[in-house]
Amino acid sequence: MQAQSSTLFHCHDYQRLVRRWRKVARDAGLQMTAFAQAGGYEVLRLTSRKSVEGGVYLSAGIHGDEPAATEGLICWAEANPELLRKTPCVIFPCLNPWGLVNNSRFDEQGRDLNRTFQHDHVPHLQALKAFLKPLRFRLALNLHEDYDGHGLYIYELERHAPFWGEELIEIARTLIPIESRTLIDTRRVSKPGLLRRKIDIEKFTAIPEAIYLHHHHAERTFTFETPSEFALEQRVRVQVALIDACLRR
Ligand SMILES: [Zn+2]
C-alpha cells in the first residue's frame, strides 16, 4: 500500500491526524476518546466497543520527531477498517502531540516520555497506566524511528518461542535496507536488524513504554525503528507492512 504523498507534507499536523482518526473510528466502529490533555493538546485513545482483553495494543508518537510512526499507524488503520472492526484493540495514535507539532523527541517540559513509565509524574501516562491496569494483550506494537539508523531494526522482547522477529525482518527487507550496525544503543544484535532480549525490569531506572507493557500487560512486545534519514514515504510503508504482518498472524 502506498502512503498518499500529499499526506506526507502534513505529518506534523496534529489536528489533521485527529480528523483522520475520527474517520477511522467511524469506519471501523471504534470508540475514540480524548482521555487526557498534554501540552495543550487532547491525547487520543481508540478502543474496540467490545472488551479489549486479550487483544492488541498499538502505540505511536511518544517521540514527536518520529513522524513515520504516527503516519504509519494511521495509514495502516485507514486501509484496514474491517480488520480493526473484528480485532479487540487499544490504539494510542500519538502520546506526545506537542512533540509531534514541534518535531521534538521531548514533551513541552523537556521530558523524554519514553523513559518515565517508572513513576506517575506525567498525568496522561498515569491515566494510560490506570486504563491498562486490568488488561492483558496478546500483542503490543510500539512504533519508533531512529535518526542514527542506517536501516530498519526491531526490538523483540523475549518471552517464548516461536519468535516472530526473523520473519518481520524478511518482510521489511523487501521495502527498506536492514540496519547494518551490529551494536545498537550499546546492545549487540541477535541477527542483522534484530535485537531480541530478555528483560529484567528491575534493571531499568528509566522505563520505556515497551518494557512496561512487556512486564505488566503483553504476551509479545515489539518496537519497530525506521531510519529517520530515509525518505518518509519509504519509512511509512515499512511501518504499515510490519503492523499488517503482525495483525494478520
Ligand atoms: Zn523513539
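For the single chain, residues carry numbers from 1 onward in sequence order. Whatever order the structure lists ligands and atoms in, that order sets their numbers, starting from 1. Predicted model only: the values in this text are computed from it and were never measured. All values below were derived from every heavy atom in this structure, side-chain atoms included, with hydrogens, water molecules and symmetry-related copies excluded.
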Set of side-chain hydrogen bond (donor to acceptor under 3.5 Å, both in side chains) partners for Lys129, sequence neighbours left out: Asp120
Just checking, any donor-acceptor pair under 3.5 angstrom between side chains of His12 and Asn102? no
Do Tyr153 and Phe224 make the cut of ring centroids closer than 6.0 angstrom? no
Looking at every non-hydrogen atom in both residues, tell me the closest pair between Gly193 and Ile169 and how far apart they are. O-CD1, 3.3 Å
Which word best sums up how the rings of His217 and Tyr212 line up, parallel for under 30°, tilted for 30 to 60°, or perpendicular for over 60°? tilted
Polar protein atoms (N, O or S) that approach the Zn ion (ligand 1) to under 2.8 Å: His63 ND1, Glu66 OE1, Glu66 OE2, His144 ND1
Under 6.0 Å from the six-membered ring centre of Tyr155 and within 45° of its axis: does the NZ or CZ of Arg196 meet both? no
